[in-house]
Amino acid sequence: MARSMAIRIGELARRTGCNIETIRYYERIGLVPHPPRSAGRYRLYETEDVRRLVFVRRARELGFSLDEIRALLALSSDGTCIEVRELAARHLADVRVKIADLRAMERALTEAVRRCDGGHLPGCPLIDTLSAAAPLHLVSRRRAPNSAPVV
């Protein structure tokens, strides 16, 4: 495959919206290949590097872990759509659990704020509510297996 362009890391960062230190980190952990260097020792990136980094950044924005992204990248070259779908379905299930956690947190905070009278009485109903509540991760995790099936 012919290399179509050679850009430095600053330009790669600008084109992808990715921080330079993040790009270097992704190179160190193998998500982005180490690029060739110019005679002046500058990293030189190509079109495929831009595409790959945009993919990694977008996957991170969607909450995929670095290991999940590594798996998606591997599947992009030699996997099937069903394998990608299965990985995405597992991630979707994790997102749904997080949403349930956030909803439980919202309910607990709403109730705590509602009970707080603004500090006119001794003690604090908000602190009492937060102290007496079951940990949210235990409440929502118990519900997670009964949640809707992943589509």
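Here the structure is a predicted model, which means the values were calculated and not measured. Residues: numbered from 1 along the sequence shown.
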**Student:** At what distance, to the nearest 0.5 angstrom, does CZ of F55 lie from CG of L31?
**Tutor:** 10.0 Å
**Student:** Rounded to the nearest 0.5 Å, how far does CD of E21 lie from CD1 of I23?
**Tutor:** 9.5 Å
**Student:** Hydrophobic cluster membership, with links at side-chain heavy-atom distances under 4.5 Å among I/L/V/M/F/W/Y: are I69 and L62 in one?
**Tutor:** yes
**Student:** I need the minimum non-hydrogen distance between R37 and R41, along with the two atoms involved.
**Tutor:** NH1-O, 3.0 Å
**Student:** After noting the C-alpha distance and the side-chain angles of R57 and Y26, does the key distance pass the side-chain contact (heavy atoms from CB on, under 4.5 Å) rule?
**Tutor:** CA-CA 10 Å; R57 186 184 54 79; Y26 289 161; 5.9 Å; no
**Student:** Do I20 and I29 belong together in a cluster built from hydrophobic side chains that touch within less than 4.5 Å?
**Tutor:** yes
**Student:** Please check: side-chain N/O of E83 versus main-chain N/O of T80, any donor-acceptor pairing under 3.5 Å?
**Tutor:** yes
**Student:** Does atom OH of Y42 have more than 12 heavy-atom neighbours, drawn from other residues, nucleotides or ligands, at distances under 6.0 Å?
**Tutor:** no
**Student:** Can you tell me if R8 has over 12 outside heavy atoms packed within less than 6.0 Å of its CZ?
**Tutor:** no
**Student:** Salt bridge or not between R52 and E48? Use side-chain N to carboxylate O under 4.0 Å.
**Tutor:** no
**Student:** Under a 4.0 Å N-O cut-off, is there an ion pair linking R103 with E106?
**Tutor:** no
**Student:** Check whether F64 and I99 end up in the same hydrophobic cluster, where Ile, Leu, Val, Met, Phe, Trp and Tyr are linked by side-chain heavy atoms less than 4.5 Å apart.
**Tutor:** no
**Student:** Tell me whether R107 contacts the main-chain N or O of L102 through its side chain, where contact means a donor paired with an acceptor under 3.5 Å.
**Tutor:** no
**Student:** Do Y45 and Y25 share a hydrophobic cluster (ILVMFWY, side-chain heavy atoms under 4.5 Å, transitive)?
**Tutor:** yes
**Student:** Looking at R24, I'd like to know if its CZ atom is crowded, meaning that more than 12 non-hydrogen atoms belonging to other residues, nucleotides or ligands lie closer than 6.0 Å.
**Tutor:** yes
**Student:** Under a 4.0 Å N-O cut-off, is there an ion pair linking R43 with E27?
**Tutor:** yes
**Student:** What residue among L44, D49, L12 forms side-chain contact (heavy atoms from CB on, under 4.5 Å) with I7?
**Tutor:** L12
**Student:** How many angstroms lie between CG in D67 and CG in L87, if you round to the nearest 0.5 Å?
**Tutor:** 10.5 Å
**Student:** Any side-chain heavy atom of L73 within less than 4.5 Å of one from V56?
**Tutor:** yes
**Student:** With rounding to the nearest 0.5 Å, note down the distance linking CG in L66 to CD in E68.
**Tutor:** 9.5 Å
**Student:** Of all the heavy-atom pairs spanning A13 and C18, show the shortest one and how long it is.
**Tutor:** CB-O, 3.0 Å
